[in-house]
Amino acid sequence: MDVLSIQHLAKSFGNTSVLRDVSLSVSESSVFGFIGANGAGKTTTMKIALGLLRADGGEVSICGEHMRFGMTATNRHVGYLPDVPEFYNYLRPKEYLRLCGQIAGLDEATIKHRSSELIELVGLHGVKKKIGGFSRGMKQRLGVAQALINEPRLLICDEPTSALDPLGRKETLGLLRQISGKTTVVFSTHVLSDVERICDRIAVLAGGTIALEGTLAELKTRHQADGLQIEFASEADLERFCAGVPERILRKSERANTELTLHVRDLAAAQRASLQLLSAEDILPVRFELLEPNIEDLFLEAVA
Amino acid sequence: MKAYLAFCKKELVESWRTYRLVIMLAVFVLFGILSPATAKLLPKLLDGADMGGGVIIHMPTPTALDAWTQFFKNVGQMGMLVVVIVFCGIIATELNRGTLINVLTKGMRRSTVILAKFTVAAAIWAVSYLVCLGVTYCYTAYYWPGKALPHAALAFVAPWVFGLLLIALLILGGVCFKSLYGSLLTTGGVIVVMNLAGLIPQSAKYNPVTLSAGTLELLTKAKAPSDFIPALAICLALTAALIVASVLLFNHKQL
């Protein structure tokens with residue numbers, strides 16, 4: 001069953017149409033990367049799914065239940081980590097988690113157990129000071145803990161790493177990966193390396209619609225490489241190779257020192273021809289590889 | 001219910017740790033002391049004072065009624081202003097900072113936020129007012145022992161009910177405008193309209209603003225309880241209506 005299903009979502013702010021027709025579904029126990037440029041509508045989509053914003057059109061279901069704006073019933077399945085989580089600064093972390101647990105309807109024993117477990121998980125064990133004295137990274141980690149207090153089936157994170165230093169980013173991503181076994185994670189970002197690091201599936205939001213969706217492997221296959229890169233031992237080898245490359249297979253070529261990049265019409269034919277040429281010229285390349293599209297290429301292609 | 005109680009507790013902790021409760025108690029204890037003290041000491045200070053040109057002030061002997069007059073003045077004017085200042089950010093601050101997002105996405109109903117906030121604010125106002133009333137009562141009974149006050153219950157409940165109306169207005173303003181200024185302007189605007197309506201003598205009986213200080217006239221027997229009951233009923237109904245309106249508006253508020 002899909003934990004989150006969004007169908008034909010539309011939303012405008014005044015005359016600005018942010019979402020035109022967004023449809024996506026997230027299956028259980030996956031880490032779903034929701035990618036888009038700044039202002040693409042990632043936060044808007046998430047807030048609509050949480051019942052915080054009203055959609056102009058479309059439907060959202062969470063764990064099979066229809067979500068209604070302003071109503072919070074479906075949120076019992078959800079944990080939410082905002083991009084900049086705001087807390088009651090006068091509370092201590094355990095007091096805050098207790099409040100969240102009570103609001104989520106947990107009993108005292110469960111709250112106590114879960115709070116200790118989560119405080120340990122996010123590395124805030126032994127921290128007694130009030131939240132007002134927390135650093136940005138500590139607040140983000142407490143944000144993860146509060147989002148998980150009710151053992152949600154779906155964790156929605158809005159750019160959880162965008163304002164963190166490399167260490168904080170690594171910690172937060174590690175946490176998300178760690179919990180993804182039990183909880184489905186949807187996480188929006190424009191940091192593409194984060195997506196490659198932890199996501200099973202991705203969707204790219206561009207122009208108010210989902211421009212691209214699938215697993216990273218699927219997308220890379222779908223957007224097949226059209227290039228070869230060969231590194232030669234010397235420029236002389238490179239020159240000899242270039243002189244023999246059949247024009248018919250090439251779209252264009254780029255040279256950088258002893259490295260040659262070939263963009264070709266038919267990849268299999270080009271591979272065969274290149275290997276034959278190397279063999280015929282008795283050239284031993286240092287490196288011979290297919291140019292796979294990376295997530296940045298996919299993203300740029302989608303938003304172009 | 002559990003979420004409501006948890007949020008009420010959070011509101012109480014917030015009131016304590018952000019000094020809202022302490023400020024309310026301190027100010028109203030001060031008013032409680034000042035009312036009888038002013039009534040007792042002012043005549044002593046002014047009596048026999050030479051104003052020049054042969055005019056000498058002769059002050060009458062102060063009575064318990066003078067202390068209660070001061071009490072209604074202090075509570076009805078400065079006291080209400082303190083209530084407005086202390087509670088003006090009750091909703092607006094949370095909406096502005098985004099602190100409600102985490103609790104609402106835990107499945108807590110939006111109506112619970114409004115009801116819990118109103119409950120705790122009303123309770124703090126009640127405790128502060130009762131302390132003020134108690135202090136004034138004790139000093140007044142000490143300095144001017146004897147006489148029971150006529151219609152005391154209605155006279156003393158009325159300002160508290162008017163304070164509830166102010167809190168409800170502040171909540172509605174906060175929900176509508178998400179800002180302190182919005183809360184203050186909404187409340188201020190309604191009070192100005194009520195005061196303008198008070199210029200029409202026939203409206204006094206129904207105007208909630210008469211409850212803030214006007215019930216002194218019950219103690220002096222210048223007016224009967226029936227003169228205040230309609231205003232009290234309207235004030236309570238208006239408070240309830242404002243809270244319902246706040247809940248309905250908040251349910252449709254984009255956050």
Side-chain angles (χ1 to χ4, degrees), chain A residues 11 13 44 46-55 62 68-92 95-108 111 130-132 142-143 145-150 152 154-156 158, chain B residues 1-23 86 89-117 119-120 175-176 178 244-255:
Chain A
K11 174 73 184 170
F13 292 103
T44 302
M46 291 179 158
K47 284 193 163 185
I48 290 173
L50 291 157
L52 298 172
L53 285 180
R54 186 201 301 273
I62 292 171
R68 285 171 59 206
F69 164 69
M71 300 295 131
T72 50
T74 48
N75 283 347
R76 71 185 188 281
H77 302 297
V78 183
Y80 176 52
L81 174 62
D83 52 349
V84 184
E86 291 292 347
F87 303 97
Y88 299 116
N89 286 336
Y90 49 84
L91 292 182
R92 293 182 176 83
E95 291 173 333
Y96 190 76
L97 291 182
R98 185 155 184 261
L99 170 69
C100 291
Q102 287 171 332
I103 283 170
L106 305 180
D107 60 67
E108 285 302 317
I111 291 171
K130 289 178 184 166
I131 300 168
L142 181 62
Q146 64 80 24
L148 294 172
I149 189 84
N150 53 338
L154 172 64
L155 175 65
I156 296 178
D158 189 4
Chain B
M1 193 62 185
K2 196 171 177 180
Y4 169 77
L5 291 175
F7 207 71
C8 281
K9 191 181 163 196
K10 170 253 154 194
E11 283 292 310
L12 274 176
V13 172
E14 178 174 317
S15 298
W16 177 250
R17 291 191 185 168
T18 58
Y19 307 108
R20 197 184 284 163
L21 183 59
V22 176
I23 290 168
V86 167
I90 190 169
I91 283 275
T93 309
E94 291 231 36
L95 289 177
N96 249 331
R97 286 194 57 220
T99 42
L100 283 177
I101 299 291
N102 285 347
V103 291
L104 290 177
T105 54
K106 291 277 167 302
M108 188 169 84
R109 296 164 73 144
R110 291 184 180 203
S111 54
T112 305
V113 174
I114 303 289
L115 294 177
K117 280 186 175 286
T119 307
V120 174
V175 169
C176 288
K178 286 171 87 170
V244 171
S246 300
V247 168
L248 294 176
L249 280 170
F250 194 41
N251 279 341
H252 292 91
K253 192 92 187 163
Q254 304 207 71
L255 300 173

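Chain naming here is simple, since letters A, B, ... match the order of the sequence lines and numbering starts at 1 in each. The model shown is predicted, which means the values in this text are computed figures rather than measured ones.
Checked by atom type and distance alone, the side chain of B:Q254 pairs as donor or acceptor with a backbone atom of A:R54 at under 3.5 Å. Panel note: side chain B:K2, backbone A:L106; a donor-acceptor pair is recorded below 3.5 Å. In this structure, B:R17 contributes its side chain and A:Y90 its backbone to a donor-acceptor pair below 3.5 Å. With hydrogens and angles disregarded, a donor-acceptor distance shorter than 3.5 Å links the side chain of B:K106 to the backbone of A:Q146.
Between A:Y88 and B:V103 there is a side-chain heavy-atom pair separated by less than 4.5 Å.
Comparing B:N102, B:N251, B:L255 by heavy-atom pairs within less than 4.5 Å of chain A, the highest count is held by B:N102. Put simply, of A:N89, A:L52, A:L50, the one with the most heavy-atom pairs under 4.5 Å next to chain B is A:L52. Among A:F69, A:Y96, A:F87, the residue making the largest number of heavy-atom pairs under 4.5 Å with chain B is A:F69. Between chain B and the residues A:P82, A:A104, A:G70, the most heavy-atom pairs under 4.5 angstrom are made by A:G70.
In this structure, the portion of B:T18 lying under 4.5 Å from any heavy atom of chain A is its side chain and not its backbone. Only the backbone of B:K253 has a heavy atom closer than 4.5 Å to any heavy atom of chain A. Contacts between A:I149 and chain B at a heavy-atom distance below 4.5 Å involve the side chain alone, from C-beta outward. Only the side chain of B:R110 comes within contact range of chain A, with heavy atoms under 4.5 Å apart.
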Self-check item: Worked verdict on B:V13 versus A:L91 for side chain to side chain contact (heavy atoms under 4.5 Å, CB included)
Solution: CA-CA 8 Å; B:V13 172; A:L91 292 182; 3.9 Å; yes

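A search for salt bridge (Lys or Arg N to Asp or Glu O under 4.0 Å) contacts involving B:E14 returns B:K10, B:R20, not counting sequence neighbours.
Around the OH atom of B:Y19, the shell of radius 6.0 Å holds no more than 12 heavy atoms that belong to other residues, nucleotides or ligands. The number of heavy atoms from other shown groups lying within 6.0 Å of CZ (B:R97) is above 12. Heavy atoms from other residues, nucleotides or ligands lying under 6.0 Å from CZ of A:R76 number more than 12.
A:D158 CG to B:I101 CD1: the interatomic distance, rounded to the nearest 0.5 Å, is 10.5 Å.
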